Every structure is written in structure tokens, then in C-alpha cells.
Amino acid sequence: MKIDLTDTTASKINKALVEGRRAIGTPAVGMVLTLVIVTDEENAYDALKAASEASREHPSRTLVVIKRVSRSPRDRTSSRLDAEVRVGAEAGTGETVLLRLYGEVVDHAQSVVLPLLLPDAPVVAWWPVNAPLDPANDPLGALAQRRVTDSYTAQAPVQELSARADAYTPGDTDLSWTRITPWRSMLAAALDQVNCEVRKVEVEGEEFNPSCELLAMWLADRLHVPVKRSLSSGPGLTAVRMETSCGPITLGRADGSLATLSIQGQPDRAVALKRRETAELIAEELRRLDPDDTYASALRYGVDRLNTEAAEAPAPAPEAVEAPVETAAKAPAKKATRKAPAKKAAAK
């Protein structure tokens, strides 16, 4: 069921939600959170589709805030709020309200959203694109316990990670971090199978994919070893190579779907490691509403330290290889020294 409201107010929207629930025969509110999506008209459809699919796992009231551009001076000084209320099959398992803001109200979106929040329920704010540099201090972000951004959509994704680290507040997260959850799980499981010391790591992936940097920073932060970031043609992350005291461990994914895990002394194993859709990513983030300390620690490690520390790290392996060669070279000289007195006695 859809209800269109033109030049409306928050109180009228709340009334339309109640009427819509009664019309479809579900007057009770069975939602667990409020999801606030801040986007533009171009990306609203994809974001709403992902949120609708995620609502099957997390029934929620979804508020889509679309800030429209006012082209004339008269439009910029006036304020207008248009809304589209969706309940029932049109909104998945929850409720959806599209809020289109015009004029001066664009700068005061929090005053429109606040009366529409579910009472006594957590609030999650999500910016699919054009996220603020400091989400916690954004007027809409201040209403939320959890703030989801996506550095992959930024113009300079890798540099965006540094800005995120400087402005980090508990409750912030990034879908670029969520994308590497299967990689982190698989690498942790691989290291649990061996009793070895990791010496250095190489993370290979696309050039402008911040998930590669986040995975490299996580490995460097947790293992305390130098990590090198190398480039490939993708898609996304393609390989992680770990040099250990027991031999190499490699997790490679060339096609973006099926990966191969190779551990020294064990047969290679095929691992399902497909690239996930946005609906799966946002559903994962809605499962936990507490601060992600692991993400914070990896983010604060710093992108600039990756290749620098890998280049400055000492290389003990060549010394270990040269030691037996040097011993073998000295052995004949010692033997010749012991035979020297016997030759002198024969000469006499």
C-alpha cells in the first residue's frame, strides 16, 4: 500500500502510517529498529532495495531522506516536504517512508526525522554515497547509535580511510570493512590449523578498493608483522600470501567467486568466497549495534604504514640459507691444515 503526501508534515506522516497499518490489518508495530538512509535521488532506488531485502532479517522502519537541489533563489528560501508512505508488501516486512526535502528544510533534516523514529528502539544511519567526514557530528548521525558509511563510493577511497580514522567515534563502521568479513574468518581459521610464526604478509587487490587496505591494516595490527600492499586487476581482493616459519599460506581468489586455500604440507582446498551484495552487507551490520573495536583498531593503524614497514623490515631468511653454504666452504680448508705436518715429515 502506498500513500503519497505533498507539502506535508511529520505529524501527517505518522497519521498516514497508522492508517496504512489499519488498512492492511496489522495495527501493531513489530519492528526492532529505525534505519535512516541519507542519499540522493539517483541512488535512492538501489539503497531502498537493499534495505527492503535486509528487513526480512531485521524488520524496521526505513526512513529515506532525499535532499533535493533547489535551482532558483525562490526555491532555496522556501521549504517543502513531500513524503511517500509504504506499508505491507510494498515495504517488505516493515514500513518505509520516502522523505523528499526542498529548500531550507534540507539543512534541518533532523527536525523531520526525529518525530518519525520508533520509540525505545535503536537507530541506524546509513549513507550509501556522499557520507559526511564526521558522521557522529552530522545532525542525522547524532540521532543514531550506529553509523554506516561506504568509503568505496568516495572519490578518493584510500584517502577516505585516513579521514575516517581521524574522525572515528564508537559506533562508526564502513561497508568496505564488512566486505572482508569472510576473508578475515578464513584467514583466522587457516592460522588456527598450524602452529607457526607469521613473518610477513602480502595483500593483493584492486588499486582503488579500500577493502584491500583495511584487510592489510587488520593483519598488520593483529599479527604485528610487516604487510605489503600489491596491485592486481581484480575483481576486488584477489590474494593474501603469508610467509610463516612452517611455509607459505595463500588464500587466492581470481574470479571473485571461488577461492583456493593453500597451506604447506596440506592439500589445496576450494573455498566459496563470493562477492556479496549490498543487502547482505547492510543485514550483517544491523546484527550488531555495539561499537566495533576491531574495526577501530585496524582503521587507526594507518594506511601509510603498510608498504613503509614492509620495506624497512629486516630479512632474516637469506642469513639462514647462507650459513650452511659458508660452513661447507670452510670444511676442506680445515682438512688440508690437518694433513700439512704429514707432508713435511715425508719430505724429510
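Just so it is clear, the structure is predicted and the values come from calculations on it, not from any experiment.
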For this session: Say whether Ile249 and Val201 are linked into one hydrophobic cluster, either directly or through other cluster members, by side-chain heavy-atom distances under 4.5 angstrom.
Result: yes
Seminar exercise, completed: Sorted by chain and residue number, the side chain to side chain donor-acceptor pair (under 3.5 Å) partners of Arg253 (sequence neighbours excluded) come out as none
Problem set entry | Any residue meeting side-chain contact (heavy atoms from CB on, under 4.5 Å) with Thr8, in chain and number order, not counting sequence neighbours | Leu5, Lys12, Ile13, Leu81, Ala83
Exercise. Is it true that Leu17 and Leu35 fall in one hydrophobic cluster, defined by side-chain heavy atoms closer than 4.5 Å?
Worked result: no
Distance-only donor-acceptor pairs under 3.5 Å for side chains of residues 180-190, two or more places apart:
unit_1	atom_1	unit_2	atom_2	d
Thr181	OG1	Thr178	O	3.1
Thr181	OG1	Glu284	OE2	2.8
Ser185	OG	Thr181	O	3.0

Exercise. CD/Glu204 to CG/Leu215 distance, rounded to the nearest 0.5 angstrom?
Worked result: 12.5 Å
For this session: Mark yes when over 12 heavy atoms from residues, nucleotides or ligands other than Arg222 sit less than 6.0 Å from its CZ; otherwise mark no.
Result: no
For this session: Output the distance between atom CD (Gln266) and atom CG (Leu261), rounded to the nearest 0.5 Å.
Result: 8.0 Å
For this session: Please answer: with hydrophobic residues joined when any side-chain heavy atoms are less than 4.5 Å apart, are Tyr295 and Val303 in the same cluster?
Result: yes
Exercise. With hydrophobic residues grouped by side-chain heavy-atom distances under 4.5 Å, do Val97 and Trp127 end up in a single group?
Worked result: yes
For this session: Could you walk me through whether Arg179 and Asp150 pass the salt bridge (Lys or Arg N to Asp or Glu O under 4.0 Å) test, one step at a time?
Result: CA-CA 10 Å; Arg179 290 184 181 95; Asp150 191 354; 2.9 Å; yes
Seminar exercise, completed: Between the CD atom in Gln145 and the CG atom in Asp290, the distance rounded to the nearest 0.5 Å is 12.0 Å
Exercise. Is the NZ atom of Lys49 crowded by more than 12 outside heavy atoms at less than 6.0 Å?
Worked result: no
Problem set entry | Lys200 NZ to Arg241 CZ distance, which is reported to the nearest 0.5 Å | 12.0 Å
Exercise. Could you give the distance from CG (Leu214) to CG (Leu161), rounded to the nearest 0.5 Å?
Worked result: 5.0 Å
Problem set entry | salt bridge (Lys or Arg N to Asp or Glu O under 4.0 Å) between Asp4 and Lys2, intermediate numbers included | CA-CA 7 Å; Asp4 291 326; Lys2 290 183 182 181; over 6 Å; no
Exercise. Can you tell me if CG on Leu133 sees more than 12 non-hydrogen neighbours from other groups inside 6.0 Å?
Worked result: no
For this session: Give a yes or no on whether Leu175 and Leu237 share a hydrophobic cluster (residues Ile, Leu, Val, Met, Phe, Trp, Tyr; joining criterion: side-chain heavy atoms under 4.5 Å apart).
Result: no
Problem set entry | Side-chain touch Leu306/Tyr301, heavy atoms, less than 4.5 angstrom | yes
For this session: Answer yes or no: does atom OH of Tyr152 have more than 12 heavy-atom neighbours from other residues, nucleotides or ligands under 6.0 Å?
Result: no
For this session: Would you mind reporting whether Arg146 and Leu33 have side-chain heavy atoms less than 4.5 Å apart?
Result: no
For this session: Can you establish whether the number of heavy atoms outside Glu41 located under 6.0 Å from its atom CD is more than 12?
Result: yes
